[in-house]
There are 2 protein chains.
Amino acid sequence: MYMDQNKIPKATAKRLPLYYRFLNSLHLQGKTRVSSKELSESVKVDSATIRRDFSYFGALGKKGYGYNVEYLLNFFRKTLDQDEITKVALIGVGNLGTAFLHYNFTKNNNTKIEMAFDTDPGKVDHNIGGVPVYHIDDLEKYIGNVSAAILTVPAHAAQAITDRLVECGIAGILNFTPARIAVPSNIRVHHIDLAIELQSLVYFLKHY
Amino acid sequence: MYMDQNKIPKATAKRLPLYYRFLNSLHLQGKTRVSSKELSESVKVDSATIRRDFSYFGALGKKGYGYNVEYLLNFFRKTLDQDEITKVALIGVGNLGTAFLHYNFTKNNNTKIEMAFDTDPGKVDHNIGGVPVYHIDDLEKYIGNVSAAILTVPAHAAQAITDRLVECGIAGILNFTPARIAVPSNIRVHHIDLAIELQSLVYFLKHY
DNA sequence: TGTGAAAGTATCATATCGTAACAATTCAAG
DNA sequence: CTTGAATTGTTACGATATGATACTTTCACA
């Protein structure tokens, strides 16, 4: 489980969940085979790129035939550890945080939001989307062996909470705050900045 | 305004809003100068990359001194068209959509969410975060010369609404639905898939 | 006036991407 | 059984981006 295929490009790794989800829906539709060309049209990734992505894992398809949906799906299930659910905590139950809580992640995913934290007494000790909300002061008490955190708190609180998460042994953080947080090098942070995404889109509209 | 500097790499263009915002906060702190090295530590981008990014726009700094924060800020304000506000519409006032409405974009940004659309009678004709919410049926009536749309609707509605937006002459779409939407080639789509972001983070945790 | 700091620029190695091409292989039709 | 069409797996190539390193130039400041 802890890798030999380290050679897989990051860009490929990012596409794997996308492939998986689409294969899943094909499977539900009852399709048994699919070609890289069909996949390409659906997920909007070049067909040669798809074939190369797949080939990092060996020969998964059959020439002149395509890929067997079920076989491919099973393969990805294992590779993406779809069976082994990763526990996630959500920090900050504002609008964005609530959106996550209502998102049904477990449907196609190997992740589960186990708990959420906030300071708002109107939210603490409630259940939102089936997830218990605790007070942020009790972070250390409840977090247990959660391995990743979604950070949807106000920017000014980001670093302080990050430090506490790190102290609790968190392995990864999905940071939605505009703040650039500092962490030890062994902790992985993915940063998604909604304002920048919008501004960047606008820049491209005007200049390209 | 409509480009001669088309040579700027996309990767650089994506970093510009980030630079801008950070310079802005430096300015508010009263700092008058900054070096590429300082910037590098704050925005987590290699200092040489920053210097190269800046140099696409000419000589903005002074050797042996650094960059004048105010000068640089003014320059970016012009380059990023910070003065000329781009109108944006938000489609789908769920949790995620509401998060956008409460986000104070105009503070550091050249974009303004002018209106929102939804089907929920409890939201239509209300103001949320100072933004008027109209019924999605009236999209064509109100949208006017809005140039970009934020799509935060259920996945199954994504393509139909996209088609209508395209018909209305929208130039860009920020797509937060899991659906991969099809658009004419002259329309720019940036796709952010929250589930995939989370799953991708988890994959990296396990395999790298 | 001298010196140190930092920009601007160039170069190199590495990674990724899209595109194209091609041989090998397989299915399916006849 | 044979043939042909389809599609993979793989390779090659050019374009783009990145991080590193290093060099020269120029400016600020002591």
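In the text below, chain A, chain B and the rest are named by the order of the sequence lines, each starting its count at 1.
Of the listed nucleotides (D:dT10, C:dT16, C:dT9), D:dT10 has the atom at the smallest distance from the side chain of A:S55. For B:S35, counting side-chain heavy atoms from C-beta on, the closest listed nucleotide (C:dA7, C:dC27, D:dT18) is C:dA7. Between C:dC27, D:dT8, C:dG18, one nucleotide has an atom nearer to the side chain of A:K63 than all others, and that is D:dT8. Of the candidates C:dT26, D:dC27, D:dT26, D:dC27 carries the atom nearest the B:K62 side chain, counting heavy atoms from C-beta on.
At least one side-chain nitrogen or oxygen of B:R15 sits closer than 4.0 Å to the OP1 or OP2 atom of D:dT18. Look at B:R51 and you'll find a side-chain N or O under 4.0 angstrom from OP1 or OP2 of C:dA7. At the phosphate of D:dG19, OP1 or OP2 sits under 4.0 Å from a side-chain N or O atom of B:T49. Phosphate contact (OP1/OP2 of C:dA5, side-chain N/O of B:Y67, threshold under 4.0 Å): absent. For C:dT16, neither phosphate oxygen OP1 nor OP2 lies less than 4.0 angstrom from any side-chain nitrogen or oxygen of A:Y56.
Both A:R52 and B:L60 lie near DNA chain C, and the one whose nearest nucleotide falls closer to the 5' end is B:L60. Each of A:G64 and A:A48 has a nearest nucleotide on DNA chain D; the 5'-most of these lies closest to A:G64. The residue among A:R33 and A:K10 whose nearest nucleotide of DNA chain C lies closer to the 5′ end is A:K10.
Contact annotation for B:A59: backbone-only contact, meaning every heavy-atom pair under 4.0 Å involves sugar-phosphate atoms and none involves a base. Within 4.0 Å of A:S36, counting heavy atoms only, lie sugar-phosphate atoms of the nucleic acid but no base atom. B:K37 comes within contact range of no nucleotide atom at all, as no heavy-atom separation falls under 4.0 Å. Counting any heavy atom pair closer than 4.0 Å across all strands shown, B:D46 reaches sugar-phosphate atoms only and no base atom. Counting non-hydrogen atoms under 4.0 angstrom, A:F54 reaches nothing in the nucleic acid.
Relative orientation of the B:Y19 and B:F76 rings is tilted, given thresholds of 30° and 60° on the angle between their planes.
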- Test ring-ring contact (aromatic ring centres under 6.0 Å, His included) applied to A:F176 and A:H191, step by step: CA-CA 6 Å; A:F176 282 90; A:H191 190 201; 8.8 Å; no
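In this entry the distance linking CG of B:D53 with P of C:dA7 reads 13 Å, nearest Å. Atom CD1 in B:I8 sits roughly 11 Å away from atom P in D:dA17 (whole-Å rounding). Taking atom OH of A:Y65 as the reference point, atom C1' of D:dG4 lies 19 Å away to the nearest angstrom. Protein atom CD1 of B:I50 is 15 Å distant from nucleotide atom C1' of D:dA20, rounded to whole Å.
Annotation: cation-pi pair A:R33/A:Y65 present, NZ/CZ under 6.0 Å from the ring centroid and within 45° of its normal.
For A:E70 and A:N74, the side-chain atoms include no donor-acceptor pair closer than 3.5 Å. No hydrogens or angles considered: a donor-acceptor pair under 3.5 Å links the side chains of B:T12 and B:D53.
Each of B:I170, B:V166, B:N175 was checked for a side chain to side chain contact (heavy atoms under 4.5 Å, CB included) with B:V183, and the lone residue meeting it is B:V166. Exactly one of A:V153, A:L90, A:I91 qualifies for a side chain to side chain contact (heavy atoms under 4.5 Å, CB included) with A:F117. That residue is A:I91.
Comparing the local axis fitted to the first five base pairs of the helix from C:dT1-D:dA30 to C:dG30-D:dC1 with the one fitted to its last five gives a bend of 20°, rounded to 10°.
Inter-residue side-chain proximity for A:F54 and A:I50 is flagged as met; some heavy-atom pair is nearer than 4.5 Å.
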